[in-house]
Number of protein chains: 2
Amino acid sequence: MLEWLKEPEINFPDQLQHAGFEHGVCVGQIQAKAGLTQSTVSEYLSILQRAGFIEAKRVGQWTYYKRNEGAFEALSNLIQSNL
Amino acid sequence: MLEWLKEPEINFPDQLQHAGFEHGVCVGQIQAKAGLTQSTVSEYLSILQRAGFIEAKRVGQWTYYKRNEGAFEALSNLIQSNL
DNA sequence: CAAATATATCGACTTTTCCCGATATACCAA
DNA sequence: TTGGTATATCGGGAAAAGTCGATATATTTG
């Protein structure tokens, strides 16, 4: 999922017609591509959010998630310096 | 354990008298510090070895493990470029 | 070779994680 | 306000990971 969110236009072309990608990709799109149930995907995304890897933005009935690039860089740096 | 192995002299002072740290730290030393059973620690170390994070060197009845720094750098780079 | 020591492997049990269906909540439209 | 759609949360069963004791293997020493 994290890799998918690097290139929303390529991985979630269906969303383009409805919303853009300014706020990220909505849960339903990710769920369809993941082939897991709605509840599972929703839980995954909230875990990733709590961990700081993605950010959520609620717009109407949709929740859009997008990557927080800083978190990945921080993780990379942490592995390099602390591990 | 991986952090401990960054500074064997500091974290495993007992071993200094017997062997050096050329080949790393032996299982018994790590086990004592970890506070887990011998079998658990042995299994951990073999998992870390198969994953490439540490290297094993058998010397007599002892097995010494030391970090493979390249693996950590590779992981850091992988996160930075692929994730 | 026998006993002692260090490590590895095996089988079982416990804890955690994964994933689901059911249900709750939030929002929108008529 | 009623019904439809999107997402979140909850409870539970299945799968995986963690951990142990017992035992096997390898090595050294006498």
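Order of the sequence lines fixes the chain letters, A, B, ..., with proteins taken first and strands second; residue numbering starts at 1 for each chain.
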All ring pair (Phe, Tyr, Trp, His ring centres under 6.0 Å) counterparts of Phe72(A), not counting sequence neighbours: Phe53(A)

Contacts of type side-chain hydrogen bond (donor to acceptor under 3.5 Å, both in side chains), residue Thr40(A), not counting sequence neighbours: Thr37(A)

Sequence-distant partners of Gln80(B), side-chain hydrogen bond (donor to acceptor under 3.5 Å, both in side chains), two or more places apart: Ser76(A)

Contact list for DNA chain C against residues 1-15 of chain B - heavy-atom distance below 4.0 Å: none

Length of the [atom1]-[atom2] vector between [X] and [N], whole Å:
X	N	atom1	atom2	answer
Lys57(B)	dA6(C)	NZ	C1'	17 Å
Ile47(B)	dC10(C)	CD1	P	13 Å
Gln31(B)	dT7(C)	CD	P	9 Å
His18(B)	dT28(D)	NE2	P	17 Å
Leu36(B)	dA17(D)	CG	P	18 Å

Side chain to side chain contact (heavy atoms under 4.5 Å, CB included) partners for Glu73(B), two or more places apart: Asn77(B)

Separation of Ile54(A) CD1 from Asn68(A) CG (nearest 0.5 Å): 9.5 Å

Protein proximity profile, nucleotides 5-12 of chain D - base contact B, sugar-phosphate-only contact S, no contact -, cut-off 4.0 Å on heavy atoms: BSBBB---

Sequence neighbours excluded - side-chain hydrogen bond (donor to acceptor under 3.5 Å, both in side chains) pairs with any residue from residues 52-64 of chain A: none

Salt bridge (charged side-chain N to carboxylate O under 4.0 Å, His left out): pairs with one or both residues in residues 60-69 of chain A, sequence neighbours excluded: Arg67(A)-Glu69(A)

Residues which pass salt bridge (Lys or Arg N to Asp or Glu O under 4.0 Å) with Glu9(B), listed by chain and number, not counting sequence neighbours: none

